[in-house]
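Here is the structure we will look at, set down as structure tokens.
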Amino acid sequence: MASKFRILNFFTHSLSPRITAANASHRFLCGNHLCTTVESPELPPWLKFSDAPTPADADSDDNFVIPSLAHWVDTHILTSKPKRPTQSSKQNSLDHHVEAVSTLLKNRYSSPELLAAALDGGRFQPSSDLVSQVLKRFSNDWVAAFGFFKWAKSQTGYRHPPELYNLMVDILGKCRSYNSMWDLVKEMSQLEGYVTLDTMAKVIRRLAKARKHEDAIEAFRRVEEFGVKKDTAALNVLMDALVKGDSVEHAHKVVLEFKSRIPLSSHSFNILMHGWCKVRNFDNARKAMEDMKEHGFKPDVFSYTNFIEAYCHEKDFRKVDQVLEEMRANGCLPNAVTYTSVMLNLGKAGQLSRALEVYEKMKSDGCVADTPIYSCLIYILGKAGRLKDACDVFEDMPKQGVVRDVVTYNAMISAACAHSREETALRLLKEMEDGLCKPKVETYHPLLKMCCKKKRMKVLKFLLDHMLKNDISPDVATYSLLVNGLCKSGKVEDAYSFFEEMVLQGLTPKYNTLKRLIGELESKSMTEEKERVEKLMDRILQKPNI
């Protein structure tokens with residue numbers, strides 16, 4: 001108990017000076033609206049069901065919804081879109097058309113052309129808003145997205161703006177439909193001003209992420225064919241994509257190839273340093289820093305932060321301290337990004353007290369705590385099992401004038417799910433909806449994992465529906481989580497159903513996910529389904545990158 005009050009005392013003095021220790025202690029024990037788990041006469045009625053354990057009745061789990069949230073879940077399932085304050089009739093009309101198109105696109109078509117033909121003669125009138133929302137909603141289903149894109153393009157009086165062409169290029173690249181991607185870029189090149197560095201950056205990044213490093217470099221070599229200037233900014237895009245695609249060696253190679261024709265910037269050297277630090281080649285990273293100086297650039301906070309992040313990942317905090325000293329000696333003060341990285345990694349390493357000391361040091365250096373810093377505090381406190389303290393930090397943010405963003409909510413939801421606080425986690429999602437803070441796919445993952453574990457199938461369906469209505473397309477990680485989680489909780493039929501949906505969408509399951517599903521299907525004597533999965537596994541094993 002003493003340790004609880006030590007950390008509480010830290011927050012009452014460090015994070016919220018206006019709250020006294022006594023009042024904060026009262027909040028800690030009695031009043032936090034997110035974390036309270038006991039009934040009290042002072043609490044509002046909707047908290048009466050909070051996060052208390054529910055009866056372990058397997059037959060009731062599937063349809064169970066915490067009573068205080070049942071109305072929200074049921075209403076959301078029955079309506080076409082989450083309610084938004086002061087939503088205009090124009091927005092209502094758009095939402096209606098998005099839902100109608102989505103219903104049609106959920107039917108499986110073997111090609112974009114067949115889907116486009118199915119849309120002909122319908123009641124839809126394309127607009128850039130409609131196309132944008134549909135493409136985002138089906139961003140992991142390239143057949144549906146591209147079919148709708150083609151259909152809209154063919155309609156009289158409508159023309160896709162450049163940003164929607166770019167979005168479609170990115171979707172095709174992400175889904176590895178490279179021939180269609182290049183065909184679309186060539187089509188764009190016939191439209192004046194449509195192909196920009198942003199277009200080619202999407203092509204290069206998708207190729208590099210798929211480990212097609214040489215193809216990414218070749219795309220850069222060809223940018224001038226599409227009217228894009230081959231300059232420092234373009235070279236930096238290529239280098240950054242190659243480093244993020246796990247090949248700093250290729251990034252170094254293109255520097256050697258192009259440095260005589262394209263001037264390098266300080267950012268160019270920081271990208272190289274980041275790449276070398278990422279693979280823990282500190283000698284080459286230091287050499288890149290020396291090259292940076294020789295080119296007339298002074299190492300900046302990003303240069304040093306590359307080393308700090310790498311040493312943090314190695315849990316070599318002695319080296320981290322050395323780099324911080326080196327920074328200060330060279331007149332370069334750490335910034336919020338630097339401190340956030342150190343705090344986050346100390347928290348992950350289980351060194352909470354040292355992480356909080358870094359927060360104090362940050363303040364003494366005159367660095368103001370911003371949203372990422374608070375989000376980091378919430379994450380490390382949740383990871384350390386200090387959920388109530390994480391809630392206190394979350395509650396304190398608006399009082400300090402700090403805005404909560406999607407990362408803040410993700411950290412808080414993840415912490416609540418890790419502690420099986422089902423109502424808290426769902427209420428946070430509802431708070432995002434009510435506050436117009438749009439969730440991302442990562443927001444849903446801990447919630448889905450918790451539902452799989454607790455066998456909350458009705459809530460699971462609600463969450464997947466909520467994703468779709470927020471224009472979030474489930475990705476490979478989402479489906480892998482569902483298949484693995486449902487296998488683990490004995491819901492093998494449901495796991496197989498999600499597996500089928502994943503494959504029909506054109507997504508390739510991970511080998512370990514397939515292996516686990518095969519084992520569970522075998523245990524349930526689901527022979528036909530097992531054979532289908534085994535055939536897919538054989539095809540995956542034959543790919544050169546497996």
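Heavy atoms from other residues, nucleotides or ligands lying under 6.0 Å from NZ of K449 number 12 at most. Atom NZ of K212 sits in a sparse spot, with 12 or fewer heavy atoms from other residues, nucleotides or ligands closer than 6.0 Å.
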Next item on the list: Please assess L482 against L460 for the test side-chain contact (heavy atoms from CB on, under 4.5 Å), listing each intermediate value before the final yes or no.
Entry: CA-CA 9 Å; L482 290 168; L460 185 71; 3.6 Å; yes
Note to self: side-chain contact (heavy atoms from CB on, under 4.5 Å) for V492 and E529? Distances and angles first, verdict last.
What the structure shows: CA-CA 11 Å; V492 183; E529 292 86 349; over 6 Å; no
Next item on the list: May I have the step-by-step check of side-chain contact (heavy atoms from CB on, under 4.5 Å) for S127 and L130, ending in yes or no?
Entry: CA-CA 5 Å; S127 68; L130 175 63; 3.4 Å; yes
Margin query: Apply side chain to side chain donor-acceptor pair (under 3.5 Å) to residues H250 and E214 and explain how you reach the verdict.
Written below: CA-CA 8 Å; H250 279 88; E214 291 294 342; 3.2 Å; yes
Note to self: Evaluate Y496 against R532 for side chain to side chain donor-acceptor pair (under 3.5 Å), listing each step before the verdict.
What the structure shows: CA-CA 10 Å; Y496 180 76; R532 289 178 192 165; 3.2 Å; yes
Check: Given L486 and F498, is the side-chain contact (heavy atoms from CB on, under 4.5 Å) satisfied, shown in steps?
Finding: CA-CA 9 Å; L486 291 168; F498 281 116; 3.5 Å; yes
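Using modelled atom types, one finds no donor on one side chain facing an acceptor on the other under 3.5 Å when comparing E249 with H213. Checked by atom type, the side-chain pair Y194/E187 shows no donor-acceptor distance below 3.5 Å.
Between E433 and K438 there is no salt bridge, since no side-chain nitrogen of the basic residue lies less than 4.0 Å from a carboxylate oxygen of the acidic one. Remark: K535 does not engage E531 in a salt bridge, criterion side-chain N to carboxylate O under 4.0 Å. The pair E501-K106 fails the salt-bridge criterion, with no side-chain N (NZ, NE, NH1 or NH2) lying under 4.0 Å from an Asp/Glu carboxylate O. No salt bridge links K461 with D465; every basic N to acidic carboxylate O contact stays at or beyond 4.0 Å.
With rounding to the nearest 0.5 angstrom, the CG atom of N470 is 12.0 Å from the NZ atom of K136. How far SG of C312 is from NZ of K348: 10.0 Å, rounded to the nearest 0.5 Å. Atom SG of C175 and atom CG of L507 lie 6.5 Å apart (nearest 0.5 Å). A distance of 11.0 Å separates CD1 of I380 from CD of Q351, quoted to the nearest 0.5 Å. Rounding to the nearest 0.5 Å places CG of L172 at 8.5 Å from CZ of F149. Between the CG atom in L463 and the OG1 atom in T443 there is a gap of 11.0 Å [rounded to 0.5 Å].
Across K150 and P112, no two heavy atoms sit closer than the pair CD-CB, 4.1 Å. Across A216 and L238, no two heavy atoms sit closer than the pair O-CD1, 3.8 Å. Here the closest heavy-atom approach between residue L119 and residue L104 is recorded as CD2-CD2, 3.9 Å. Considering all non-hydrogen atoms of both residues, G275 and V243 come closest at CA-CG1, 3.6 Å. Shown here for P474 and Y479, the closest heavy-atom pair between the two residues is CB-CE1, 3.7 Å.
Partners of R222 under the side chain to side chain contact (heavy atoms under 4.5 Å, CB included) rule, at least two apart in sequence or in another chain, are W182, K186, E218, E225, F226. For the side-chain hydrogen bond (donor to acceptor under 3.5 Å, both in side chains) test, residues two or more places apart in sequence or in another chain that qualify with H445 are T478. Under the rule for a side-chain hydrogen bond (donor to acceptor under 3.5 Å, both in side chains), the partners of S102 that lie at least two apart in sequence or sit in another chain are R137. The side-chain hydrogen bond (donor to acceptor under 3.5 Å, both in side chains) test applied to N140 returns K174, S473, not counting sequence neighbours. E493 pairs by the salt bridge (charged side-chain N to carboxylate O under 4.0 Å, His left out) definition with nothing, not counting sequence neighbours. Partners of D240 by side-chain hydrogen bond (donor to acceptor under 3.5 Å, both in side chains), not counting sequence neighbours, listed by chain and number: R205, K244. For Y158, the ring pair (Phe, Tyr, Trp, His ring centres under 6.0 Å) test picks out H160, with sequence neighbours left out. The ring pair (Phe, Tyr, Trp, His ring centres under 6.0 Å) check on F317 picks up nothing, with sequence neighbours excluded. Legend: residues meeting ring pair (Phe, Tyr, Trp, His ring centres under 6.0 Å) with F282, ordered by chain and number and at least two apart, are Y311. By the ring pair (Phe, Tyr, Trp, His ring centres under 6.0 Å) test, Y444 pairs with H466, sequence neighbours left out.
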Got a list of side-chain donor-acceptor pairs under 3.5 Å for residues 514-525, not counting sequence neighbours?
residue : atom : partner : partner atom : Å
S523    : OG   : E520    : O            : 2.6

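A donor-acceptor contact shorter than 3.5 Å links the side chain of T103 to the backbone of E99. In this structure, the side chain of T340 does not engage the main chain of P372 through any donor-acceptor pair within 3.5 Å. Using a distance-only test at 3.5 Å, with no hydrogens or angles considered, no donor-acceptor pair links the side chain of S139 to the main chain of L135. The backbone N or O of T371 sits less than 3.5 Å from a side-chain atom of S375, completing a donor-acceptor pair. Remark: the backbone N or O of K209 is paired with a side-chain donor or acceptor of R211 at under 3.5 angstrom. A distance-only check finds a donor-acceptor pair linking the side chain of S489 to the backbone of G485 [under 3.5 Å]. Listed for the R176 side chain is no donor-acceptor partner under 3.5 Å among the backbone atoms of G173.
For the pair L426/V459, a side-chain contact is recorded, criterion being any heavy-atom separation below 4.5 Å from C-beta on. Within the 4.5 Å cutoff, no side-chain heavy atoms of V393 are placed close to those of D389. Looking at L184 and S180, their side chains never come closer than 4.5 Å, going by heavy atoms from C-beta outward. Inter-residue side-chain proximity for D198 and E163 is flagged as unmet; no heavy-atom pair is nearer than 4.5 Å. A heavy-atom distance below 4.5 Å is not found between the side chains of P509 and V483. The side-chain heavy atoms of S111 and V143, taken from C-beta on, include no pair separated by under 4.5 Å. Residues I217 and L242 are in side-chain contact: their nearest non-hydrogen atoms beyond the backbone lie under 4.5 Å apart. For the pair L464 and L448, the minimum side-chain heavy-atom distance is below 4.5 Å.
Ring centroid separation for the pair Y409 and F394 comes in under the 6.0 Å cut-off.
Annotation: salt bridge (Lys or Arg N to Asp or Glu O under 4.0 Å) contacts involving residues 404-416, sequence neighbours excluded, comprise R404-E431.
Relative to the ring axis of F462, K458 does not place its NZ or CZ within 45° and under 6.0 Å from the centre.
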